[in-house]
Protein chains: 2
Amino acid sequence: MKLSSEQINQKLKDAGLRVTPQRHAILEAVYTLGNHPSAEQVIDYIRVNHPGIATGTVYNVLDVLVDSRLVKRVKTDKDAMRYDAIMNRHHHIYCAETDRIEDYFDEELDDLLQSYFRKKNLQNFKIEDIILQIKGNFNDNSE
Amino acid sequence: MKLSSEQINQKLKDAGLRVTPQRHAILEAVYTLGNHPSAEQVIDYIRVNHPGIATGTVYNVLDVLVDSRLVKRVKTDKDAMRYDAIMNRHHHIYCAETDRIEDYFDEELDDLLQSYFRKKNLQNFKIEDIILQIKGNFNDNSE
DNA sequence: TTCTTATATAGGAATCATTCTTATCTAAGA
DNA sequence: TCTTAGATAAGAATGATTCCTATATAAGAA
């Protein structure tokens, strides 16, 4: 998803963050790259137009964006952390072999799960979020 | 879950693996420790009785056990990988603050999900496994 | 049993994503 | 303009994990 420069700034402001060129560039990168980029991909992307931004700053800013709920962390079976600018509730379809992640939106499923666990009423645990990791293999190479 | 020495050996053999003292000690550690130990916890545990087992060997053996489907990897929000000797299908209840993981078994839920996705019939993806990560907070400190 | 050889392990260096440290810089209010 | 808390640059440090190589060992062959 591509956002305008103004939209990026607005998101930062709405989150109560100071707008800096670094934060702008990094948030824009996560949106533009899409498909759950790693920190390294973000770095490669922003270095083209902002060669001066330090590696540590990218990690620092990504942490800030996560804390401010502008971005989510996504774990995979591989080492590196991935980031996701889509904040609506969704699940992940994941292939461990290729490390490819696709988003999966399904309100019907979310409702189903919510009512299931309300009925189940787990003792000793307050559920905040339920995320499905749907593992398997993609049948094609389309992105 | 505590297994006898013979049961450990049998599991290694059934998986087509050579039985070595290192493999025996490490698989036994994952079973005995329970509750999704990290490699470091496994190392601390086995060093008491097997001070000579090298750190690299523990990672190496854990990889072998995972490849042989005797153990599963479990990711959390923290850095270190965790390991799980329970191979039956199950989900995880997880608290990010304390990094505590509890297993969640629920065949009814598994059936529900299976029929839901069969009906949904995802294009371009062959589902092998669906894992729920149920995130939130435990209401007490019981283990 | 002894020999042979593929496999496994010890020991420690190397890697790599991420974090930390410190000095410098900058945005926003006084 | 001045002040200062917050942000960044640069690169060292960390820590889990992997890699490398010489040595050791398990399991089948003789």
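Order of the sequence lines fixes the chain letters, A, B, ..., with proteins taken first and strands second; residue numbering starts at 1 for each chain.
We find that CD of A:Q41 is positioned 14 Å from C1' of C:dA17, with the value rounded to whole Å. Straight-line distance from the CG atom of B:L12 to the C1' atom of C:dA8: 13 Å, rounded to whole Å. At whole-Å resolution of the value, CG in A:D67 and C1' in D:dG6 are 15 Å apart.
At a threshold of 4.5 Å between non-hydrogen side-chain atoms, the residues B:R82 and B:I101 count as touching.
A salt bridge between B:D63 and B:R73 is present, with a side-chain N of the basic residue lying under 4.0 Å from a carboxylate O of the acidic one. Using a 4.0 Å cut-off between a side-chain N of Lys or Arg and a carboxylate O of Asp or Glu, B:K119 and A:E108 qualify as a salt bridge. We find that A:D106 and A:R89 are not joined by a salt bridge, their nearest charged nitrogen and carboxylate oxygen being 4.0 Å or further apart.
Ring to ring, B:Y83 and B:Y31 are not that close: their centroids are 6.0 angstrom or more apart.
Taking the ring centre of A:F138 as origin, the terminal cationic atom of A:R100 falls inside the region bounded by 6.0 Å and 45° from the ring axis.
The rotation axes computed at either terminus of the helix from C:dT1-D:dA30 to C:dA30-D:dT1 lie 20° apart, taking five pairs at each end and rounding to 10 degrees.
No engagement by A:V64 is indicated, since no non-hydrogen atom pair under 4.0 Å with the nucleic acid exists.
Side-chain contact of B:H90 with B:D84: a donor-acceptor pair under 3.5 Å is present, judged by distance alone. Residues A:D103 and A:H91 bring no donor and acceptor atom of their side chains to less than 3.5 Å of each other.
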- Any chance you could list the contact pattern along nucleotides 7-21 of chain D? Use B for base contacts, S for sugar-phosphate-only contacts and - for none, protein heavy atoms under 4.0 Å, 5' to 3'. SBBB-----SBB---

